[in-house]
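Scroll down for the structure; my scribbles are underneath it.
Each ligand, and each atom within it, is numbered from 1 in the order the structure gives. One-based numbering along the sequence shown.
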Amino acid sequence: MKKTAIFPGSFDPFTKGHQDIVLRGLQLFDKVIIAIGHNTKKHNRYFDIDKMVKKIEEAFDGNDGVEVVVYNELTASFAQKHDAKFLLRGLRNTTDFEYENSISQMNKYLNAELESVFLITSPELAAINSTIIREVHKYGGDVTPFLPYKI
Ligand code: ADP
């Protein structure tokens, strides 16, 4: 049976840190669905969601193990509908851990079949953070070294 994982996030923008988690995830799973969700804490996106889908597809051009989807529902339900038994997330630090710990408990409660899998960030990518990238971009700084596509 094919092993599918979803990699949910805001991806505002999708960074080289995210790309690394997907590529490493593909060593564990047959398919990784990058699911761009609506995060209640981040209502207004900075980067247009449809443009981000295209950019991510561009970054994984030719890799048929990757799919990019926008969703607006419970991650646990979205995973079930896509027959994904695994939820992939990246961990950079203890702040990520605290947050991910709570989310994964809730997801387990909502969908008992969904197993969360955490990959520790690659050290050289640990400092890459979408929030900081948005700030730098807003004030005209060059963020291209942190993104796996041309913005
Ligand atoms: P969310 O708003 O759901 O936290 P993000 O787009 O910020 O979504 O992040 C999606 C996932 O990618 C999270 O698990 C986050 O910890 C992880 N992540 C973000 N940046 C990095 C990075 N530089 N290295 C590894 N994982 C990362």
Is the closest basic N to carboxylate O distance between [X] and [Y] below 4.0 Å?
{"X": "Asp83", "Y": "Lys81", "result": "no"}
{"X": "Glu58", "Y": "Lys55", "result": "yes"}
{"X": "Arg45", "Y": "Asp12", "result": "yes"}

Are Asp20 and Ser122 linked by a side-chain donor-acceptor pair shorter than 3.5 Å?
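Ser122 and Asp20 do have a side-chain donor-acceptor pair below 3.5 Å.
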
Is there a donor in the side chain of Thr144 and an acceptor in the side chain of Asp142, or the other way round, less than 3.5 Å apart?
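Present: a donor and an acceptor within the cut-off.
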
Below the 3.5 angstrom mark, is there an N/O of [X], backbone or side chain, next to an N/O of ligand 1?
{"X": "Arg89", "result": "yes"}
{"X": "Ala126", "result": "no"}
{"X": "Gly9", "result": "no"}
{"X": "Leu91", "result": "no"}

Count the heavy atoms belonging to other residues, nucleotides or ligands that lie under 6.0 Å from CD of Glu113, then report whether that count exceeds 12.
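Incorrect, the count does not exceed 12.
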
Would Asp96 count as a contact of ligand 1 if the rule is a heavy atom under 4.0 Å away?
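Flag set, Asp96 near ligand 1.
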
With a 4.0 Å cut-off on heavy atoms, is Phe118 touching ligand 1?
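No heavy atom of Phe118 comes that close to ligand 1.
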
At under 4.0 Å between heavy atoms, which part of Phe14 makes contact with ligand 1: side chain, backbone, both or neither?
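Neither; nothing of Phe14 gets under 4.0 Å from ligand 1.
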
Ligand 1-proximal atoms of Ser10, by part, heavy-atom distance under 4.0 Å
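Near ligand 1, Ser10 shows its backbone as well as its side chain.
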
Out of [options], whose heavy atom sits nearest [atom]?
{"atom": "atom 25 (C) of ligand 1", "options": "Leu125, Thr121, Asn129, Thr75", "answer": "Thr121"}
{"atom": "atom 21 (C) of ligand 1", "options": "Glu100, Glu124, Arg92", "answer": "Arg92"}
{"atom": "atom 12 (O) of ligand 1", "options": "Arg24, Lys16, His18, Gln19", "answer": "His18"}

Would you please name every residue forming a ring pair (Phe, Tyr, Trp, His ring centres under 6.0 Å) with His18, sequence neighbours left out?
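So His18 forms a ring pair (Phe, Tyr, Trp, His ring centres under 6.0 Å) with Phe11, Phe14.
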
Run the numbers on Ile133 and Asn129 for side chain to side chain contact (heavy atoms under 4.5 Å, CB included), then give the verdict.
CA-CA 6 Å; Ile133 289 180; Asn129 173 315; over 6 Å; no

Take Lys85 and Leu114 through the side chain to side chain contact (heavy atoms under 4.5 Å, CB included) test and state the conclusion after the steps.
CA-CA 5 Å; Lys85 301 262 188 297; Leu114 187 60; 5.7 Å; no

Give the numbers and elements of all ligand 1 atoms closer than 4.0 Å to a heavy atom of Ile128.
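Near Ile128, meaning under 4.0 Å from one of its heavy atoms, ligand 1 has 20 (N), 22 (C), 23 (N).
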
For ligand 1, which atoms sit closer than 4.0 Å to a heavy atom of Ile21?
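Under 4.0 Å from Ile21, ligand 1 has these atoms: 25 (C), 26 (N).
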
